[in-house]
Amino acid sequence: MAETFETRLARLRQAAALQEGDRVPFAPKLGNLMASAYGLSVYDTMKDVRTVIPCAARFLDEFQPDMVWPVSVFPLDPCEYLGAGYIRMPGPTHGLPLDASFQMMDGTYMEDDEFDEFLLDPTHFLLTKVMPRKYKALGGLAGFYGREIYDMAVLFGLAGLTQPETRASLEALLRAGELSAKYLDGMRQMNEFIVGRGFPIRGSAVLAPFDAYADSLRGLVQALMDVKLYPDEVLAVTERIEQMNTDRAIAAAKRRGDPFLFMPLHAGGDEFMSRDDYAVFYWPGLKRTIEKIIAAGITPYVFCEGKYSTRLDFLQDVPKGKVIYMFEKVDIVEAKQKLEGIACVCGNLPTALLISGTAEQVVTETKRMLDACAPGGGFIMDCSIQLDEANMKNFAAWYETTITYGKY
């Protein structure tokens, strides 16, 4: 008998609450696998995400995950229309194969002398500085000034919108908005299809404050240098970002009824900053964000990217039975032991094994993880990084082993 949405969600909630259910939940980070497994290219997915729906139907008929991760792609049309400079995409614009993954490009969009300007008025700064630097079609916004208070000055300032470059940028914004709305409607249709089939969806996402700072303003390389060069400014800007983004993300998740809020941690790994710097610049903002999400009645679903072995003691400092941690490179047995009775952990079966290993290797590793981590609850089966592709025989072996061998 087919399981229901409520049955799968309850299984996930039991694991998050550190309880044993009927079996270990199976919730792999699917990435673009639902599309690529059935011959759909990344380009097609980025052009119109609705093309994934027939592939999703086949995937869900064949496999029964306890949570579905919708395809992980950027909307191609608005990015191309605006001339986005921070991303390379498959297709003719960048000359990449249609099935190549998109790639985010590291870049600096807030200069060394602009911290105070950002803090004075983040919205104005994003509109007139960051967006023109990121999108070729929005260069005309750089000449607009929107901080006037006195009524007559406000009205006279609007005259600047009639300048040819500014007008062209405003028209580009409207057109890009229409293209984004089309993409979002496609996402809505796909998500409704998945939920209608009885599968919970991973849900909305929010970044840790330092990651938003590094990803979108300063670039990862520069942001990591900033903690030494501009420590006070980093703390001030990341605190402002937290104020701007977290409450809005939580409100959106509550409006949609999302039980989980996904948090990918990009810059917090062992490879990028010392423990001392992590304690000052990264963990406090992340911890506050986690606590706000929990207070809103939502479970933080936190992906600790990269090596996180020296961070596990920080991760212990959260309300018990309220957080799910995914790991990429951590020894999952050590993580389960250190977070026992505190937080649910997701097993990080190597994605490379699902791509290029053998089914026998997959089964052996899956059983090892289940033997070590499943007892007592608080464990979800997952892969190390998102699955854009896989040997589907290996994936089937992983799935079957988890749902049979992973029973309590």
Side-chain angles (χ1 to χ4, degrees), residues 29-37 40-53 55-56 68-109 126-127 130-138 172-191 194 201-208 211-220 245 248-249 252-253 256 258 261-267 301 303 305 351 385-389:
K29 293 183 282 291
L30 291 178
N32 202 45
L33 184 66
M34 282 197 301
S36 67
L40 189 66
S41 72
V42 178
Y43 178 82
D44 289 332
T45 303
M46 293 178 71
K47 282 288 288 184
D48 187 350
V49 74
R50 293 173 300 177
T51 58
V52 180
I53 293 176
C55 300
V68 174
W69 290 59
V71 290
S72 178
V73 293
F74 265 62
L76 186 143
D77 286 343
C79 287
E80 288 196 326
Y81 181 79
L82 291 176
Y86 60 88
I87 183 173
R88 287 175 59 82
M89 298 167 288
T93 297
H94 295 114
L96 297 178
L98 298 184
D99 57 355
S101 179
F102 65 91
Q103 178 63 54
M104 308 302 294
M105 312 300 291
D106 198 47
T108 299
Y109 304 102
L126 293 170
L127 184 67
V130 175
M131 293 180 69
R133 293 167 181 171
K134 286 189 170 184
Y135 299 100
K136 184 178 180 180
L138 301 183
L173 271 179
L174 289 172
R175 176 57 182 152
E178 293 170 351
L179 294 171
S180 293
K182 178 181 176 182
Y183 181 86
L184 288 172
D185 185 61
M187 286 293 295
R188 177 192 58 79
Q189 292 180 46
M190 183 179 67
N191 290 347
I194 292 170
I201 291 180
R202 184 208 68 200
S204 309
V206 64
L207 291 179
D211 287 323
Y213 171 82
D215 287 4
S216 300
L217 290 179
R218 292 288 279 172
L220 176 61
N245 290 357
R248 185 176 184 276
R256 288 189 287 264
D258 292 336
L261 193 50
F262 175 52
M263 297 185 67
L265 308 185
H266 297 157
Y301 210 126
F303 182 22
E305 298 184 20
T351 296
I385 57 175
Q386 72 176 34
L387 277 168
D388 289 327
E389 57 180 306

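Atom set for the values below is all heavy atoms of this structure, side chains included, hydrogens, waters and symmetry mates excluded.
Of the inter-residue distances, the one linking R202 atom CZ with L261 atom CG reads 9.0 Å to the nearest 0.5 angstrom. Note that CD1 of I385 and OG1 of T351 are 5.0 Å apart. Values are rounded to the nearest 0.5 Å. Interatomic distance, CG of L184 versus CG of N191, reported as 10.5 Å (0.5 Å rounding). Residue L265 holds its CG atom at 9.0 Å from CZ of F303, rounded to the nearest 0.5 Å. Interatomic distance, L179 CG to L174 CG, rounded to the nearest 0.5 Å: 11.0 Å. E178 contributes atom CD, which lies 12.0 Å from atom CG of D77 (distance to the nearest 0.5 angstrom).
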Should Q386 and W69 be marked as a side chain to side chain contact (heavy atoms under 4.5 Å, CB included) after you check the CA-CA gap, both sets of side-chain angles, and the distance that decides it? CA-CA 9 Å; Q386 72 176 34; W69 290 59; over 6 Å; no
Show, in sequence, the C-alpha distance, side-chain angles and deciding distance for D99 and E389, and conclude whether the side chain to side chain contact (heavy atoms under 4.5 Å, CB included) test is met. CA-CA 10 Å; D99 57 355; E389 57 180 306; over 6 Å; no
Hey, mind stepping through K182 and D185 against salt bridge (charged side-chain N to carboxylate O under 4.0 Å, His left out) and telling me if it holds? CA-CA 5 Å; K182 178 181 176 182; D185 185 61; over 6 Å; no
May I have the step-by-step check of side chain to side chain contact (heavy atoms under 4.5 Å, CB included) for L173 and M131, ending in yes or no? CA-CA 10 Å; L173 271 179; M131 293 180 69; 3.9 Å; yes
Tell me, with the steps shown, if M34 and V68 meet side chain to side chain contact (heavy atoms under 4.5 Å, CB included). CA-CA 10 Å; M34 282 197 301; V68 174; 3.9 Å; yes
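Listed by chain and residue number, nothing satisfies the salt bridge (charged side-chain N to carboxylate O under 4.0 Å, His left out) test with K134 (two or more places apart in sequence, or in another chain).
Taking the side chain as every heavy atom from C-beta outward, H266 and L207 approach each other to under 4.5 Å.
Other residues, nucleotides and ligands contribute over 12 non-hydrogen atoms within 6.0 Å of the CZ atom of R256.
A pairwise comparison of heavy atoms in D388 and N32 identifies OD1-N, 3.0 Å as the closest pair. When every heavy atom of P78 is checked against every heavy atom of A176, the shortest pair comes out as CB-O, 4.0 Å. For P264 against D211, the heavy-atom pair with the smallest separation is O-OD2, 3.5 Å. Summarising the geometry of M46 relative to P90, their closest heavy-atom pair is SD-CD, 3.7 Å, with the distance given to 0.1 Å. Y43 and P92 get closest at one heavy-atom pair: CE1-CD, 4.0 Å. Closest approach of R88 to L96, counting heavy atoms only: NH2-CD2, 3.7 Å.
Below 30°, between 30° and 60°, or above 60°: for F74 and F102 the angle between ring planes is between 30° and 60°, a tilted geometry.
A donor-acceptor pair shorter than 3.5 Å can be found between the side chains of S204 and D258. S41 and D44 share a donor-acceptor pair across their side chains, judged by distance under 3.5 Å alone.
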